[in-house]
Participant: 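Structure below; questions to follow.
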Amino acid sequence: MPLGHDVKNRLGRVGSNALDRLFQLAKRVPGVRERIAAEYDKMLEEIRRSARPFAHDVVKRTRLDDHGIAHDEVAAEMAELSRPEHERWRDGFVSGAVYHGSADHVAFMNRIYAMFSQTNPLHADLWPSVVKYEAEIVAMTADLLGAAHVTDGGPVCGVVSSGGTESIMLAMKTYRDWARSERGITRPNIVVPSTAHVAFDKAAQAFGLELVRVPVGTDFRADVGATRHALNRNTVCLVGSAPAFPHGCIDPIAELAELAAKRRIGFHTDACLGGFVLPFARDLGAEVPAFDFRVPGVTSVSADTRKYGYAAKGTSVVLYRSPALRRHQYFTATDWPGGLYLSPTFAGSRPGALSAGCWAAMVSIGRDGYRDATRRILDTAAQVKAGIQGIQGLRVLGDPLWVIAFASDELDIYRVLEGMGERRWNLNGLHRPAAVHLCVTLRHTQPGVAERFLSDLREVVARVRATPDDRGRMAPIYGVAGTLPVRSAVGDLMRAYLDVLYEAD
Ligand SMILES: Cc1ncc(COP(=O)(O)O)c(C=O)c1O
């Protein structure tokens, strides 16, 4: 990585927009352009190596074979390639990513998938069983998230989507269309805390919404006063997270939703992470502020069944306070030569097997199962949090329940991240501020995992402290990417990285 901390610090003193413009201009200058390209190539080589650990050991297939290959042979080839990938998540080295993962549960999910692999809820008439599962997933999730407490409007309703990002995008599109038709707002904006998931940026880009990000307070929770000032008459929706992805902190939803209610605009709680944890944490006596439909101003909630709902990846739920609001989400076409067309979400055809599996996960686990899983996760997270707090040089950010972010005022935290990676840990690097988090899942509740995490962390921190001149291999990339004001340079690199992922030969 060519840009060291000294350069980064110098860059930090210049306005970021000016630097971005300068960078765009510099990219056009012959000589400079080639140098930038050469530097990117060097970085991409490093990235390419980590993205393709098997690059030299496998048959590359970039053209259909003339003749098909026997099922057993295909399956064997695929099993061989994925073999080294299982252990890391199974043994609890990974932050988030696999939330349940016990052999029994995985086998059950696979069994249900196999039963429904040909289904598609777009064809409701062909597969009414899948339609029932989706309706009941929505109903069970709504019940969990306070639907029974809604006395104004209601009944709470929703749809099954493909994941947290789609649930959020659907809700934001819904508010845009609601505001246009009910309020005549044609230049809508949404106001979100700086920690809200990047899916809100994606929604803003896709639907022509202005995104106003409000910096969170020192406790990493939304700043209610600053949010009040950010609202204007084009604001169609206000957002809070329960909890937010980076630091696992729960925004003051009741206060934020009150601001929204006073202006009669939408309020979305992003409970993608917390929807299937917080209700049970509350049952277990944890201090859980109101975040769902119990709060009067909350008009929509996203909750990911694919995370702590323990369904396979590919499902999430977005809920609305009333069917009238949900109507703005739907797509219908009446004059297409292909016939009458209607779909509730962005996708057309959808994998009914995932919804069937999601329903099966929810029904088979039940309240007791979710409560027990939550208890194990919260206990393990408390152990991890206390352990991190006991390591000199590290500090936990905010007051999280199970997504534990930590930073350092003395050490390069990205070298700690890298050192943990060398010990097989796959943690999340955060920036603004530079930090690392572990999102605790059931995988970490296995015997010995929390202890192993803490002892590895202690050793890595000691090594980073003992070798202050070692800059690491990838740590500077994280560091620069996190704070470099030339955002377009980082963006260029990220797009090039996506290209790398699709390189087949
Ligand atoms: C709080 C929060 N919202 C939204 C999302 C997006 O979910 P997905 O990756 O399923 O699109 C995530 C993912 O981690 C999340 O943590």
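Ligands are counted one by one from 1 in listed order, and the atoms in each one are counted from 1 as well. Below, all heavy atoms of this structure are taken into account, side chains as well, without hydrogens, waters or symmetry copies.
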Participant: If the plane angle is over 60° it's perpendicular, under 30° parallel, otherwise tilted; pick one for W402 and Y308.
Facilitator: perpendicular
Participant: Quick one: look up the protein heavy atom nearest atom 4 (C) of ligand 1 and list residue, atom name and how far away it is.
Facilitator: H197 CG, 3.4 Å
Participant: Quick check with a 6.0 Å cut-off and a 45 degree axis cone: is R452 positioned over the face of F93's six-membered ring?
Facilitator: yes
Participant: Under 6.0 Å between ring centres: does that hold for F276 and Y99?
Facilitator: no
Participant: Run the numbers for me: atoms of ligand 1, each under 4.0 Å from some heavy atom of C272, listed by number.
Facilitator: 2 (C), 3 (N), 4 (C)
Participant: Return yes when P243 approaches ligand 1 closer than 4.0 angstrom through a heavy atom, no otherwise.
Facilitator: yes
Participant: For ligand 1, which atoms sit closer than 4.0 Å to a heavy atom of D304?
Facilitator: 7 (O), 10 (O)
Participant: I'd like to check whether R306 has a polar contact with ligand 1, where a contact means an N/O of the residue lying under 3.5 Å from an N/O of the ligand.
Facilitator: yes
Participant: Among protein heavy atoms, which sits nearest to atom 14 (O) of ligand 1, and what does the distance come to when rounded to 0.1 Å?
Facilitator: K307 CE, 3.3 Å
Participant: Side chain or backbone, does A244 bring an N or O within less than 3.5 Å of an N or O on ligand 1?
Facilitator: no
Participant: Using a strict threshold of under 4.0 Å (side-chain N to carboxylate O), is an ion pair present between R424 and D456?
Facilitator: no
Participant: Which one of D270, I168, T165 has a non-hydrogen atom at the shortest distance from atom 2 (C) of ligand 1?
Facilitator: D270
Participant: Anything under 30° is parallel, anything over 60° is perpendicular, the rest tilted; go ahead and classify F220 against H247.
Facilitator: tilted
Participant: Kindly determine whether T315 and W359 satisfy side-chain contact (heavy atoms from CB on, under 4.5 Å), including the steps that lead there.
Facilitator: CA-CA 10 Å; T315 62; W359 183 90; over 6 Å; no
Participant: Return the closest protein heavy atom for atom 16 (O) of ligand 1 as residue, atom name and distance.
Facilitator: L273 CG, 3.3 Å
Participant: Taking the six-membered ring where the residue is Trp, are the ring centres of Y175 and F200 under 6.0 Å apart?
Facilitator: no
